[in-house]
Number of protein chains: 2
Amino acid sequence: MTLATTALVTIAQASATTGVSAKMIRHYESVGLIKPPVRTENRYRHYAESDLHDLGFIRRARDLGFSFEDIRQLLDLWRNKGRSSAEVKAIALRHIKELDEKASALAAMSRTLQTLAASCHGDKRPDCPILEALDRPVLTSPSAPLRGNP
Amino acid sequence: MTLATTALVTIAQASATTGVSAKMIRHYESVGLIKPPVRTENRYRHYAESDLHDLGFIRRARDLGFSFEDIRQLLDLWRNKGRSSAEVKAIALRHIKELDEKASALAAMSRTLQTLAASCHGDKRPDCPILEALDRPVLTSPSAPLRGNP
DNA sequence: ACATGGGTTCCCATCATGGGAAGGTCAAGG
DNA sequence: CCTTGACCTTCCCATGATGGGAACCCATGT
């Protein structure tokens, strides 16, 4: 009830307080992720506290790797007091799965390369198992147990 | 010495045998990653075995997450018989570091979200720690030891 | 002769982000 | 009053790797 005249701030100030670049703030507006803010006569954007909240929300969601589409849905859910937490959780769980899959893929690449790099002497000699692996197929064999002389 | 008339193949055949899409093959050519192949009078591209090798090399390098720039250097090193394996290994080690950093970042996001999701009941009730975390700052506190009633 | 299945070039889209140009606006200070 | 500098505005372009699709040319089989 305390209509506290919600101090309007410029886009640069909004950027500074939320950690979202001015460029991105305008972009979020253009793709409909946030509501167009009020404009002064000069056509300058001015953001109210609720706008700053949304921008902070978006930045934190992005820091967790959510896509624009996910964020759009999360923001809608946040605003919808009649939401069910199950909806939110479903989005989060799906995203966790995607994150884990990507991380696993990167880790697999890293492991393969580590194995190859470990057996590369890394000196002036030209022969190198890394290049050999790229040379011909049969790569991606992860823990190829070094049978030969155990 | 056996100049084996290196059976020239069309772009579709090259794509099929190397696993690189025709689209990408043309793209690699346009950015100078591979040499322009010979053309028949019809302007059709025709690939020799050495070209197929390069495409296979590129695909395997891409499967390991190397960037175009890295691949360019790796291909140059592969062709350069006077290379030192140290150069190859340096590229690989740098890339491993990048892969690990990205994987760690994703894993951190996943962990944070897993923690939040674990404490979200995920039913019809609207209150949800995930949304609460996005609501206000002080997220990214990983193992916030649940002091309160131990 | 015409259909089909390649090939070719060129443009556009993705996803999130930034760079930069060209121009309008405002406050402070000489 | 006018300049300077720091904002603001819009619009276009670029990234990296990949794909979609249009519009058009070519080759082969029935």
Side-chain angles (χ1 to χ4, degrees), chain A residues 8-34 36-47 51 54-55 57-75 94-95 98-99 101-102 105-106 109, chain B residues 8-34 36-47 51 54-55 57-75 94-95 98-99 101-102 105-106 109:
Chain A
L8 297 176
V9 299
T10 69
I11 197 169
Q13 291 168 315
S15 170
T17 65
T18 62
V20 180
S21 74
K23 212 83 176 173
M24 275 297 101
I25 295 178
R26 295 195 193 94
H27 183 58
Y28 292 159
E29 179 186 338
S30 82
V31 298
L33 195 51
I34 58 176
V38 295
R39 301 274 191 136
T40 56
E41 325 159 359
N42 355 348
R43 304 204 41 81
Y44 283 21
R45 290 169 178 82
H46 278 253
Y47 295 91
D51 298 322
D54 286 5
L55 287 172
F57 185 103
I58 290 170
R59 192 186 63 70
R60 288 184 287 274
R62 286 231 32 80
D63 286 349
L64 287 175
F66 283 108
S67 69
F68 278 15
E69 245 331 282
D70 283 345
I71 296 176
R72 199 189 303 272
Q73 293 180 40
L74 288 170
L75 259 178
R94 189 182 39 62
H95 185 47
E98 288 171 8
L99 289 170
E101 283 167 2
K102 281 185 199 164
L106 295 176
M109 295 176 192
Chain B
L8 298 176
V9 299
T10 69
I11 197 169
Q13 291 168 315
S15 169
T17 65
T18 62
V20 180
S21 73
K23 212 83 176 173
M24 275 296 101
I25 295 178
R26 296 196 192 93
H27 183 59
Y28 292 159
E29 179 186 338
S30 81
V31 299
L33 195 51
I34 58 176
V38 297
R39 301 275 190 134
T40 55
E41 326 158 356
N42 353 349
R43 304 205 43 81
Y44 284 19
R45 291 170 176 83
H46 278 253
Y47 295 91
D51 297 321
D54 286 6
L55 286 172
F57 186 102
I58 290 170
R59 192 185 64 69
R60 288 183 287 274
R62 287 233 28 80
D63 285 350
L64 287 175
F66 283 108
S67 70
F68 280 13
E69 246 330 281
D70 283 346
I71 296 176
R72 199 188 304 272
Q73 293 180 41
L74 289 171
L75 260 179
R94 190 182 38 61
H95 185 47
E98 289 170 7
L99 288 170
E101 283 168 1
K102 281 185 200 165
L106 294 177
M109 294 177 194

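Within every chain, numbering begins at 1; the chains are lettered A, B, ... in the order of the sequence lines, protein sequences first and strands thereafter. Treat the numbers as computed from the prediction; the structure is a model and nothing was measured. Values below: all heavy atoms of this structure, side chains included; hydrogens, waters and symmetry mates excluded.
The pair B/R94-B/E98 meets the salt-bridge criterion, with a side-chain N (NZ, NE, NH1 or NH2) lying under 4.0 Å from an Asp/Glu carboxylate O.
The shortest distance between the side-chain N/O atoms of B/R43 and the OP1/OP2 oxygens of C/dG7 is not below 4.0 Å. In this structure, A/R39 reaches the D/dT10 phosphate: one of its side-chain N or O atoms is under 4.0 Å from OP1 or OP2. Dashed line: the shortest gap from a side-chain N or O of A/R45 to OP1 or OP2 of C/dT25 is not under 4.0 Å.
A/R26 comes within 4.0 angstrom of a nucleotide base, judged by non-hydrogen atoms across all strands.
One can place CD of A/E41 at 17 Å from P of D/dC8, the figure rounded to the nearest angstrom. Atom CG of A/L33 and atom P of C/dC15 are 13 Å apart (whole Å). If you take CD of B/E29 and C1' of C/dG7, they are 13 Å apart, rounded to a whole angstrom. Rounded to whole angstrom, the span from the NE2 atom of B/H46 across to the P atom of C/dG6 amounts to 14 Å. Here the P atom of nucleotide C/dC15 and the CZ atom of A/R72 are 11 Å apart, to the nearest Å.
A/S67 meets the side-chain hydrogen bond (donor to acceptor under 3.5 Å, both in side chains) test with no other residue; sequence neighbours excluded. Residues forming a side-chain contact (heavy atoms from CB on, under 4.5 Å) with B/E101 (at least two apart in sequence, or on another chain): B/K97. When the side-chain contact (heavy atoms from CB on, under 4.5 Å) test is applied to B/T18, the partners found at least two apart in sequence or on another chain are B/V20, B/L52, B/L55. Residues satisfying the salt bridge (charged side-chain N to carboxylate O under 4.0 Å, His left out) criterion with A/R72, sequence neighbours excluded, are A/E69. Partners of B/Q13 by side-chain hydrogen bond (donor to acceptor under 3.5 Å, both in side chains), not counting sequence neighbours, listed by chain and number: B/T10. The salt bridge (charged side-chain N to carboxylate O under 4.0 Å, His left out) search around A/R43 returns none, not counting sequence neighbours. A search for ring pair (Phe, Tyr, Trp, His ring centres under 6.0 Å) contacts involving B/H46 returns nothing, not counting sequence neighbours.
Screening residues 25-34 of chain B for side chain to side chain donor-acceptor pair (under 3.5 Å) gives B/E29-B/R45 as the qualifying pairs, with residues at least two apart or on separate chains.
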If a protein heavy atom is under 4.0 Å from the base, mark B; if only from the sugar-phosphate, S; if neither, -; do that for nucleotides 12-26 of chain D going 5' to 3'. -----SBBBB----B
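Between B/F57 and B/L74 the shortest side-chain heavy-atom distance falls below 4.5 Å.
Without hydrogens or angle criteria, A/R62 side chain to A/F66 main chain gives a donor-acceptor distance under 3.5 Å.
Five base pairs at each end of the helix from C/dA1-D/dT30 to C/dG30-D/dC1 define two local axes, and these are offset by 40° (rounded to 10°).
Contacts of residues 10-18 of chain A with DNA chain C (heavy atom under 4.0 Å): none.
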